[in-house]
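Reading through the structure tokens given below for one structure.
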Amino acid sequence: MSKVPSEKINELDFEVAKENFLSFVKNNSEFGDYDYEASGLNFLVDLLAYNTQYNAFYLNQLSSEMFLDTAQQRKNVVSIAKQMGYLANSKKASNAKVQLSFSQVTVFQYIINMDTESRFIGKSETGQTLPFITTKEYNFNESNGYSSEVTLIQGRYVEQSITVNQLQLELDLVISSRDVDLDYLTVFVRENELSDKREKYEVVKDISLLDEESMVYYIEENYDGYYQIMFGDGVIGKQIQNNNVIELRYLVTSGASGNNFSVFEMQVDNGLPTKPNIRTTQFSAQGSDKEDIENVRRSARRMYFSQNRTVTEKDYDTLLRKHFPYIDSLSVWGGEKNEIPMYGTVYCAIKPKERNFLTDGEKETIINKLDTLNVISIVPKIVDPEYVYIALDVNITFDIENIENTAREIISIVENKIIGFAQENLLKFENSFQITALARIIDQLNSHFIGTNTKVNVYQTKKIITGVPNSYKINFNNKVKKGTFTATRFGYLDANNKEVDNCIIQESSDFNRLEIHQIVNEERGLTIPIADDVGLIDYNNGLIRLENFSPTYIINSSSEIKFDIEIDSYIIRPTMNQILIITQKDISVSATGILTNN
């Protein structure tokens, strides 16, 4: 009768497995006296232990690849996400805008037509070149001054034809390029190779609206990373027949590599009567690569929960990130959370990748997409992020006797560390700034740093309409210190309606209101009041309000005023639409060496 092993069979390490084998065999009286250190038996036991370890590792990896949370290979993550109805994003083509104008136009050329897919070459600052094309036809005539803004997309169109042969065991309708942008895919079907009539098929969006005659196709990513299309079965969607010819037309693009191209030239073989002047109005942007594993893992689950509808804030977050991969950070909230509630409205503050703000065209595209997903009663609004700049004055005290670095080297090291800290921890909605966390990281740079003293100011810039009384709100959302408020200088009208130069906004002596003062002696700090009540500061909440504020001009011919104040808190928290940012110019570092022995 076989003996049940008493060893711990969950121990899968090689040495432990080998020891368990030997222990099990030695406990059997038939083999108890064998010399297991002899080369032959030792080799056999090693072989068994290796086999056990390999099988254990293989089965562990195999089981890991069966679940969305633990799978490591893209093909398995995509396959599991496919079961949840999720299609991983393809590459997305970048787009740019240029102003084309024709200066040498003869009287006989009343209209100049530029065809769809007119070819351009884009050039980046590094000298890299990539192809760009137009997406529609443009007309230049006398009414538009032979000048028009043209949109370019990065890539080239490719055509592919597949003849259906139902004698094949498996019919794979695979798009031949991994670099396809599915947004520019069109599918036509002809009855056979001799037929000229084509029927256009659309990608499936809602299967509940389909019947046996619906001309639709499905698309998914296969194990090799290529996209393949499928057609209906004659019940849900029209079924393709033997000898049908499927014609695919799609854009092959370089994805994110096509961003930040600033110079564009038209190719010679464009068929135009004269060469146009080209001026770039918007650098190429919005290009993205295929969705990576972590995004697929996260988005598949969220898309399944949202069921492709926008009701909750998380639904908006999920769908916007899915359809617009160029979004870097996103904050969504209901209008009922505003200071003045706006019921039935959802606000989306969006920061794009590598830029601070969306263009008007991008906002319009996003709104149009949300209109197709929204519940009828909800009105979406796209707002720009509000940037709160953090200015740091950092002083490092160090042991001058034992440290190897000079003060200049210390300053450079600390500045680089602060920049790295800001890039990793800020520049996102909802990300807060902790002074103690930064100080701790600085102190850990060198064991001979004795202490770090950090002074933190925050500031915002606000566009001001000159000459017109207006109300403005500057929200720092954190407790601020009294007597630390400053702002850009400007001109203002006094009580006699006379323009006064060199004016500032100043806190009143009792800190109950804001006043307009003119600086008469800067060295001695002498000012005279011009207006005694233009607003107030809520010091506990960091909220500054200006009422009927109407400067006549802002110094340096600027249209913005910088509002600066010192924070009275160790943690700076942004509001829903704010992003904290630290720039190189806002970092001031000094280093003081001391003799610790004295």
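All residue numbers refer to positions in the sequence shown, counting from 1. None of these values were measured; they are calculated from a predicted model.
- A distance of 13.0 Å separates CG in Asn431 from CD in Gln578, rounded to the nearest 0.5 Å.
- With values rounded to the nearest 0.5 angstrom, Asp393 atom CG is found 8.0 Å from Asn453 atom CG.
- Between Met266 and Met114, the shortest heavy-atom distance links the atoms CE-SD, 3.2 Å.
- Enclosure of atom CD in Glu409 by more than 12 non-hydrogen atoms of other residues, nucleotides or ligands within 6.0 angstrom is indicated.
- Atom CZ of Arg573 sits in a sparse spot, with 12 or fewer heavy atoms from other residues, nucleotides or ligands closer than 6.0 Å.
- Shortest non-hydrogen contact noted between Thr466 and Tyr553 is CG2-CA, 4.0 Å.
- Between Glu339 and Arg545, at least one side-chain nitrogen of the basic residue sits less than 4.0 Å from a carboxylate oxygen of the acidic one, meeting the salt-bridge criterion.
- Atom CD of Glu547 sits in a crowded spot, with more than 12 heavy atoms from other residues, nucleotides or ligands closer than 6.0 Å.
- Counting heavy atoms of neighbouring residues, nucleotides and ligands inside a 6.0 Å radius, atom OH of Tyr570 does not exceed 12 of them.
- For Tyr316 and Tyr347, the ring centers are positioned 6.0 Å apart or more.
- In this structure, Glu430 places its CD atom where only 12 or fewer heavy-atom neighbours from other residues, nucleotides or ligands lie under 6.0 Å away.
- Remark: Ile207 CD1 is loosely packed, at most 12 non-hydrogen atoms of other residues, nucleotides or ligands lying under 6.0 Å away.
- Phe120 and Phe264 have their aromatic ring centers separated by at least 6.0 angstrom.
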>> Before you tell me yes or no, could you show the steps for Glu560 and Lys463 under salt bridge (Lys or Arg N to Asp or Glu O under 4.0 Å), namely the whole-Å CA-CA distance, both residues' side-chain angles and the distance that decides it to 0.1 Å?
In response: CA-CA 4 Å; Glu560 296 181 335; Lys463 284 192 174 183; 5.3 Å; no
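- Side-chain N or O atoms of Thr488 include none that pairs as donor or acceptor with a backbone N or O of Ile561 at under 3.5 Å.
- Taken from OH in Tyr389 to CD1 in Ile579, the straight-line distance is 10.0 Å, to the nearest 0.5 Å.
- Shortest non-hydrogen contact noted between Ile582 and Ala422 is CB-CB, 3.9 Å.
- Defined by atom type and a distance below 3.5 Å, a donor-acceptor pair is present between the side-chain atoms of Thr583 and Asp586.
- Of the possible donor and acceptor atoms, none in the side chain of Tyr218 sits under 3.5 Å from a partner among the backbone N and O of Ile229.
- Between the side chain of Asn478 and the main chain of Phe476, a donor-acceptor pair closer than 3.5 Å is present.
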>> Test salt bridge (Lys or Arg N to Asp or Glu O under 4.0 Å) on Asp568 and Lys482; report intermediate values, then the result.
In response: CA-CA 9 Å; Asp568 191 16; Lys482 295 180 179 180; over 6 Å; no
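- Side chain to side chain, Gln154 and Asn95 fail the donor-acceptor criterion of an N or O pair below 3.5 Å.
- The side-chain heavy atoms of Lys92 and Phe324, taken from C-beta on, include no pair separated by under 4.5 Å.
- Between Asp69 atom CG and Arg297 atom CZ the span is 7.0 Å, to the nearest 0.5 Å.
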> Checking side-chain contact (heavy atoms from CB on, under 4.5 Å) for the pair Thr280/Phe261: CA distance, chi angles, key distance, verdict?
Replying inline: CA-CA 10 Å; Thr280 304; Phe261 280 67; over 6 Å; no
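- Side chains of Val203 and Val216 form no contact here, defined as non-hydrogen atoms less than 4.5 Å apart.
- Surrounding CD of Glu125 are at most 12 heavy atoms belonging to other residues, nucleotides or ligands under 6.0 Å away.
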>> Please evaluate residues Val480 and Phe485 with respect to the criterion side-chain contact (heavy atoms from CB on, under 4.5 Å), reporting the C-alpha separation (whole Å), side-chain torsions for both, the decisive distance (0.1 Å), and the verdict.
In response: CA-CA 9 Å; Val480 294; Phe485 173 74; over 6 Å; no
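- In this structure, the side chain of Asn405 does not engage the main chain of Ile410 through any donor-acceptor pair within 3.5 Å.
- Gln282 contributes no side-chain N or O that, together with a main-chain N or O of Lys97, makes up a donor-acceptor pair within less than 3.5 Å.
- Using a distance-only test at 3.5 Å, with no hydrogens or angles considered, a donor-acceptor pair links the side chain of Thr134 to the main chain of Glu117.
- A donor-acceptor distance shorter than 3.5 angstrom exists from the side chain of Asn222 to the backbone of Tyr226, with no hydrogens or angles considered.
- A side-chain donor from one of Gln286 and Glu362 sits under 3.5 Å from a side-chain acceptor of the other.
- Counting heavy-atom neighbours within 6.0 Å of Met84 CE, excluding the residue itself, gives a total above 12.
- There is no side-chain donor-acceptor pair under 3.5 Å between Gln73 and Glu65.
- A donor-acceptor contact closer than 3.5 angstrom links the side chains of Asp315 and Thr312.
- A ring-centre distance under 6.0 Å is found for Phe357 and Tyr387.
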>> What verdict does the salt bridge (Lys or Arg N to Asp or Glu O under 4.0 Å) test give for Lys363 and Asp384, after you've listed the backbone C-alpha separation in whole Å, the side-chain angles of each residue and the deciding distance to 0.1 Å?
In response: CA-CA 10 Å; Lys363 292 178 183 177; Asp384 287 327; 3.0 Å; yes
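- In this structure, the separation between CG on Asn416 and CD on Gln584 is 7.5 Å, given to the nearest 0.5 Å.
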> Between Lys82 and Glu221, does a side-chain contact (heavy atoms from CB on, under 4.5 Å) hold up when you go through it step by step?
Replying inline: CA-CA 8 Å; Lys82 195 189 308 179; Glu221 184 178 338; 5.8 Å; no
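- Side-chain contact, Lys322 with Asn89: a donor N or O sits under 3.5 Å from an acceptor N or O.
- Side chains of Tyr250 and Gln160: a donor on one and an acceptor on the other come within 3.5 Å.
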> Where do Tyr459 and Thr486 land on the side-chain contact (heavy atoms from CB on, under 4.5 Å) test, with the steps shown first?
Replying inline: CA-CA 9 Å; Tyr459 70 89; Thr486 61; over 6 Å; no
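- Judged by distance alone, with hydrogens and angles left aside, the side-chain atoms of Asp181 form a donor-acceptor pair with the main-chain N or O of Ala93 at under 3.5 Å.
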> Run the salt bridge (Lys or Arg N to Asp or Glu O under 4.0 Å) check on Lys337 and Glu313 step by step: do they pass?
Replying inline: CA-CA 12 Å; Lys337 296 180 181 179; Glu313 295 171 0; 3.0 Å; yes
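- With 3.5 Å as the limit, one finds no donor-acceptor pair spanning the side chains of Thr318 and Tyr304.
- Scanning both residues, Ala349 and Phe429, for their nearest heavy atoms gives O-CE1, 3.3 Å.
- Between Phe449 and Ile442, the shortest heavy-atom distance links the atoms CD2-O, 3.3 Å.
- Of the charged side-chain nitrogens involved, none lies within less than 4.0 Å of a carboxylate oxygen, so that Lys75 and Asp224 do not count as a salt-bridged pair.
- Looking at Thr575 and Glu386, their side chains never bring a donor and an acceptor atom within 3.5 Å of each other.
- Between the side chain of Ser558 and the backbone N or O of Ile555, no donor-acceptor pair lies under 3.5 Å.
- Contact between Leu580 and Phe433 at its shortest, heavy atoms only, is CD1-N, 3.7 Å.
- Ser306 places a side-chain N or O within donor-acceptor distance of the main-chain N or O of Met303, the cut-off being under 3.5 Å.
- Residues Thr253 and Asp179 bring no donor and acceptor atom of their side chains to less than 3.5 Å of each other.
- Going from atom CG of Leu330 over to atom CG of Asp317 covers 4.5 Å, rounded to the nearest 0.5 Å.
- Side chains of Asn577 and Trp333: no donor on one and acceptor on the other come within 3.5 Å.
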